[in-house]
Amino acid sequence: MSTAAQAIAKAPSFTRHSITRFQRAPWIVRKLRRSPTSGLPVPHVRVVTREFAPCRLSDHYHNTLKDDLMYMTYKHLPSDKPPPEPRKIRLTFDPNDPYSKFRYNPPVGGSQVGKKPAPPSTPENIVYLERIQLHSMVKESVQNKSNLLGAMMQMKALTGESFQGGGHHAVEGVQIVRGKKAVGGWLRPGIPVGVKVDLRGQSMYDFLGTLVEFVLPRLRDFNGVVLPPSSSSTKTPSAVSGVVSFGLPPHAMMFFPQIEVNVDAYPKLYGMHIHFITNATGVGAQDKARALVSGFQIPFIRR
Amino acid sequence: MLSRTCCRGARLSLRSYSTEVQNASQPTRSKKAMKPVISTAIVLNRSPILTRTPTPFETAYYSYQARIRRALHNPFPYDFYFKQGSLLEKRFNIEERNREKRAFGPGFLQKEDITEEQRQADIAAVEQLAIQEGEGETLAPRKHESDSTGDVKSLDRAGQRNLYLLLKTEGQGGKSTWRFPQGGVEKGQLLHQAAQKDLFAECGDNMDSWIVGRTPIGVYQPPTATPSPAEAPEHYVFFFKGHIMAGQVSPEGPGVQDFAWLTKEEIESRVEPHYWNAIKDILSDF
């Protein structure tokens with residue numbers, strides 16, 4: 001019998017086992033350590049969960065949006081050399097001075113963040129969605145911290161994120177936003193004023209799909225994210241940071257299927273801000289971010 | 001990978017175009033031959049309408065990861081989502097036990113503390129609910145009938161792939177060739193506007209289409225038929241990407257004989273090798 005025929009004869013024994021079903025628990029050879037706090041066995045390896053299903057919107061981005069965005073945002077440079085840097089007329093400390101060598105050395109008058117040109121178009125820096133941040137402010141929590149609980153529960157139900165969920169150390173779950181500055185008679189530093197969640201990867205695309213397919217079409221008074229007038233400045237920090245933001249009122253929350261199933265369980269619904277954070281930077285970054293987000297069917301309108 | 005090659009292709013071609021124009025303005029040529037002929041072609045794309053079928057490896061990986069998630073998930077707050085003893089809770093419990101069984105096998109399930117009669121009654125009640133809510137509708141198959149009949153004009157064929165519109169036209173010497181929809185540029189017209197107009201002229205206006213951006217995505221210089229290339233004006237075809245949203249093509253142009261929605265591999269077998277070299281990096285592999 002030739003080797004190929006042997007391989008074919010062996011194949012059924014391989015396919016007899018399902019590739020999707022759990023077969024037999026692995027044989028535990030080494031004695032498992034017990035957690036000192038809970039007394040439960042601790043596995044020898046760090047268990048991390050990764051993608052557990054194909055992601056439709058991620059596929060849509062890689063199949064269709066990425067090419068289109070490259071064509072739409074491509075800026076042609078006549079030569080491979082980068083364009084000459086503008087003449088430096090603003091003073092900085094001597095960069096070769098040992099004192100200032102490795103220090104932050106901004107020019108006089110600030111870092112000119114709004115005037116930085118976008119980086120040259122390359123296949124590596126096509127605009128993509130880095131994360132979605134959901135944020136809701138709860139004013140009543142200044143008086144009483146327990147007022148945050150409703151908003152936390154709502155965020156938890158919306159996103160399903162938990163602290164270091166799935167063994168990822170960078171996943172922070174539902175976070176509490178605290179005051180940074182003292183605002184006369186109202187806020188002090190360290191006082192909780194709201195909650196926020198950062199979504200990345202698969203859960204980000206899941207939330208985006210839910211938002212676009214279940215919530216936005218059912219909102220009567222929502223025609224789209226309002227674009228600023230054409231006379232507005234293109235050099236503000238928000239215009240050059242590649243973020244698209246809009247807000248949803250409290251009554252929009254009941255259109256999320258996660259909340260719709262038991263709206264009555266929530267004593268109060270809280271509105272939220274949604275920030276789509278992309279990798280675009282420099283002049284025109286917000287326009288690139290809008291082009292990307294509209295590719296996921298978030299509507300935009302002009303006033 | 002695709003986008004990298006596309007981008008590089010676009011940049012190179014644009015650069016070569018600008019140098020070509022400089023060459024053309026050299027004084028050795030006659031005034032008439034100096035002016036190149038420009039036309040636009042539209043790479044009209046139907047994006048995938050189905051998710052890609054995962055490979056066996058991907059299937060195994062996804063189910064393994066789903067099992068880990070299931071094993072590690074936080075406890076589900078039943079009392080927050082369901083009223084005690086409600087029909088919906090029963091349905092959820094039955095479905096959850098099925099999912100649990102599928103993930104870890106029947107030996108993993110804990111024994112239910114209800115009688116067999118009660119269990120059968122619950123299952124019957126849940127089935128009744130499913131009938132009332134009209135569940136169990138059969139989904140459309142992932143393989144459309146045009147895939148089995150080999151109908152290349154259907155927009156529903158090859159749902160997992162990018163399709164591109166190709167027209168069969170009367171070429172030089174009565175020989176018919178396949179190419180993208182194409183047309184000339186009038187004086188004072190912008191390239192992307194000309195692309196939209198040429199698409200309507202050859203394919204009819206029974207479709208919703210959108211031209212992506214204002215910059216061409218590639219360029220093609222057809223081989224000249226005349227023996228002395230210095231005599232003939234240079235000809236450049238600029239490609240624009242477009243999407244079809246709705247409707248269908250109705251071939252209208254004078255020389256247009258037929259049309260087809262094709263994947264990248266199918267295009268290779270139909271077009272001329274020279275044409276294929278110009279367009280192969282524009283088209284998507286998936």
Side-chain angles (χ1 to χ4, degrees), chain A residues 14-15 17-25 43 47-60 62-80 120-124 126 153 156-157 160 162-163 165-167 173 202 258 261-262 264-266 291 295, chain B residues 1-8 10-11 14-15 18 45 47-48 50-54 56-74 77 79-83 88 101-105 107-108 160-162 210 212-217 240-241 243 282 284 286:
Chain A
F14 170 73
T15 52
H17 296 292
S18 162
I19 53 170
T20 57
R21 296 209 174 186
F22 183 74
Q23 300 297 328
R24 194 187 306 140
V47 181
V48 175
T49 65
R50 303 200 184 275
E51 288 82 25
F52 60 97
C55 186
R56 189 170 58 86
L57 284 179
S58 168
D59 280 359
H60 170 60
H62 288 289
N63 284 337
T64 308
L65 280 187
K66 202 175 178 188
D67 292 7
D68 288 359
L69 286 164
M70 183 184 69
Y71 298 142
M72 288 163 71
T73 60
Y74 180 70
K75 280 272 178 345
H76 181 62
L77 293 179
S79 75
D80 278 341
S121 309
T122 63
E124 284 76 28
I126 300 170
M153 194 61 206
K156 177 91 185 159
S162 54
F163 179 67
Q202 201 163 14
Q258 302 97 314
V261 288
N262 62 341
D264 307 338
Y266 297 88
Chain B
M1 189 61 218
L2 158 82
S3 45
R4 181 178 301 175
T5 51
C6 285
C7 187
R8 196 170 297 149
R11 194 186 290 174
L14 279 173
R15 200 179 303 141
S18 57
N45 166 241
S47 305
L50 294 178
T51 48
R52 195 166 50 80
T53 307
F57 176 76
E58 283 172 324
T59 313
Y61 178 82
Y62 286 144
S63 61
Y64 173 63
Q65 293 297 340
R67 275 204 301 277
I68 295 183
R69 281 182 85 87
R70 178 161 282 278
L72 296 184
H73 76 278
N74 292 334
D79 47 349
F80 181 67
Y81 282 101
F82 299 112
K83 277 204 190 80
L88 290 177
K101 197 164 94 181
R102 210 177 307 133
F104 302 118
F108 181 81
Q160 301 181 28
R161 299 290 310 271
N162 275 292
W210 176 60
V212 179
R214 300 181 171 198
T215 43
I217 62 172
F240 278 80
K241 189 179 179 185
H243 284 290
I282 295 174
S284 173
F286 287 113

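By convention in this document, chain letters (A, B, ...) are assigned in the order of the sequence lines, proteins followed by strands, and residues within each chain are numbered from 1.
The choice from Ala103(B), Ala71(B), Pro77(B), Pro54(B) that makes the most heavy-atom pairs within less than 4.5 Å of chain A is Ala103(B). Ranked by non-hydrogen atom pairs under 4.5 Å with chain A, the options Pro56(B), Ala60(B), Gly213(B) are led by Ala60(B). Ranked by heavy-atom pairs under 4.5 Å with chain A, the first of Tyr61(B), Tyr62(B), Phe80(B), Phe82(B) is Tyr62(B). When each of Asp59(A), Thr64(A), Asp68(A) is checked for heavy-atom pairs under 4.5 Å with chain B, Asp68(A) comes out on top.
With rounding to the nearest 0.5 angstrom, the CZ atom of Arg214(B) is 10.5 Å from the CZ atom of Phe240(B). We find the OH-OG1 distance between Tyr64(B) and Thr20(A) to be 15.0 Å, quoted to the nearest 0.5 Å.
For Ser162(A), the part lying near chain B is the side chain, with the backbone staying farther off; criterion is any non-hydrogen pair under 4.5 Å. Of the two parts of Ala265(A), the backbone and the side chain both hold a non-hydrogen atom closer than 4.5 Å to a non-hydrogen atom of chain B. Looking at His243(B), the atoms closer than 4.5 Å to chain A (heavy atoms on both sides) all sit in the side chain, from C-beta outward. Looking at Ala157(A), both its backbone and its side chain come within 4.5 Å of chain B, counting heavy atoms on both sides. With a threshold of 4.5 angstrom between heavy atoms, Arg67(B) approaches chain A through side-chain atoms but not through N, CA, C or O. Leu72(B) touches chain A through its side chain: at least one heavy atom from C-beta onward sits under 4.5 Å away, while N, CA, C and O do not.
Scanning all heavy atoms of the two residues, the minimum distance from Arg52(B) to Gln160(B) falls at CA-OE1, 3.6 Å. Across all non-hydrogen atoms, the minimal contact from Leu69(A) to Thr73(A) is O-OG1, 2.7 Å.
Side-chain N or O atoms of Thr51(B) include none that pairs as donor or acceptor with a backbone N or O of Arg56(A) at under 3.5 Å. In this structure, Gln202(A) contributes its side chain and Ala53(A) its backbone to a donor-acceptor pair below 3.5 Å. At distances below 3.5 Å, not a single donor-acceptor pair connects side-chain atoms of Gln65(B) with backbone N or O atoms of Glu51(A).
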